[in-house]
Q: 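Please read through the structure below; I'll follow up with questions.
Chain letters run A, B, ... following the sequence lines, proteins first and then strands; every chain starts at 1.
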Amino acid sequence: MQQGIHLLGSDFFEQKTLKVARNLLGKQLSFNGMKAIITEVEAYIGEEDPACHAAKGKTKRNLIMFGPAGYSYVYMIYGMYHCLNFVTEKEGFPAAVLIRSVVIKGVQSSLLNGPGKLCRYLGITRQHNAMDIISTFFVADLGQKVSCIKTPRIGIKVGTDKLWRFVISSPEN
DNA sequence: ACCCCGATCGTA
DNA sequence: ACGATCGGGGTT
């Protein structure tokens, strides 16, 4: 990788999920030779969060969410799409951040502005579940400061009372 | 074996 | 507003 770029490891992800989510905005993710800036995320936090996949306890699918921070959680949705998440918080506490939108230089935003779309474009599938983030997605802090807005999460029927969606509102100060 | 549902997306 | 499409998870 380039010099001066700091890759985010388990120390970054093993924090409160809302903090991780907010701080993932503006970070760079590298996959299949493409560099994507994260512009929209959502937090899913614990068994008390009805929208979290861990709300009904541990299953084969959501097992990785119960493990230590710093691993990917990729699942298939609606039989056609995949969603990329980064597991957060301490082992035993199931939580993750869903990557909902990214931008890639020179790529139409319409191909990247949705969790299913960005996985399709980047080539992320279930085989990328439970991977070590630092050596698979190379999430990097480029030192870019961004501001953001908070909104309710999208596309869910429960848990819409929480403002757990974070979107970049302006690229720089 | 069967049924229901979904952290989506494209089309209408 | 709606259908595509199929794996996960619970139930019979």
Q: Which residues satisfy the side chain to side chain contact (heavy atoms under 4.5 Å, CB included) test with A:I149, sequence neighbours excluded?
A: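 Here the qualifying residues are A:T151, A:V167, A:S169.
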
Q: Tell me the side-chain hydrogen bond (donor to acceptor under 3.5 Å, both in side chains) pairs involving residues 117-140 of chain A, sequence neighbours left out?
A: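 As it turns out, the side-chain hydrogen bond (donor to acceptor under 3.5 Å, both in side chains) pairs with a partner in residues 117-140 of chain A, which skip direct neighbours, are A:N113-A:K117.
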
Q: For DNA chain C, please output the secondary structure as dot-bracket, reading 5' to 3'. Pairs are Watson-Crick or G-U wobble, both atom distances under 3.5 Å; mark crossing pairs with [ ], other-strand partners with |, unpaired with a dot.
A: ||||.||||||.

Q: Hey, would you say the A:H53 and A:Y75 ring centroids sit under 6.0 Å apart?
A: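 Ring centroids of A:H53 and A:Y75 are less than 6.0 Å from each other.
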
Q: Hey, does A:I37 have a side-chain heavy atom less than 4.5 Å from the side chain of A:V102?
A: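 Heavy-atom side-chain distance check fails, nothing below 4.5 Å.
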
Q: Dump the intermediate steps for salt bridge (Lys or Arg N to Asp or Glu O under 4.0 Å) on A:R153 and A:D49, then the final yes or no.
A: CA-CA 12 Å; A:R153 292 171 294 179; A:D49 172 8; 2.8 Å; yes

Q: Is it possible for you to say whether A:V87 and A:Y44 belong to one hydrophobic cluster, with membership spreading through side-chain heavy-atom contacts below 4.5 Å?
A: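 Different clusters.
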
Q: Taking only residues at least two apart or on different chains, which pairs with a member in residues 83-101 of chain A satisfy salt bridge (Lys or Arg N to Asp or Glu O under 4.0 Å)?
A: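 The answer is A:E40-A:R100, A:E42-A:R100.
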
Q: Report yes or no: is the cationic atom of A:K150 (NZ for Lys, CZ for Arg) under 6.0 Å from the centre of the six-membered ring of A:F166, at an angle within 45° of the ring normal?
A: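 The answer is no, since A:K150 fails at least one limit relative to A:F166.
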
Q: Are A:F86 and A:F137 an aromatic pair, judged by ring center distance below 6.0 Å?
A: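 That pair passes the under 6.0 Å test.
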
Q: With sugar-phosphate meaning primed atoms plus P, OP1 and OP2, does A:R153 contact a base, only sugar-phosphate, or nothing at under 4.0 Å between heavy atoms?
A: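 Nothing: the residue A:R153, judged by heavy atoms under 4.0 Å, touches no strand.
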
Q: Sugar-phosphate atoms are those with a prime plus P, OP1 and OP2; base atoms are the rest. Using that split, label each nucleotide of nucleotides 3-12 of chain C B, S or - for protein heavy atoms under 4.0 Å, 5' to 3'.
A: -BBBSSS---

Q: Just to be sure I understand the geometry, which residues of residues 101-120 of chain A put a non-hydrogen atom under 4.0 Å away from DNA chain B?
A: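 Contacting residues: A:G114, A:P115, A:G116, A:K117, A:R120.
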
Q: Taking any heavy-atom pair under 4.0 Å as a contact, classify A:I156: base, sugar-phosphate, or nothing.
A: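 The residue A:I156 makes sugar-phosphate contact but no base contact.
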
Q: Set out, in order, the CA-CA distance, both residues' side-chain angles and the distance that settles side-chain contact (heavy atoms from CB on, under 4.5 Å) for A:L63 and A:K58, then state yes or no.
A: CA-CA 6 Å; A:L63 186 63; A:K58 196 182 289 185; 3.4 Å; yes

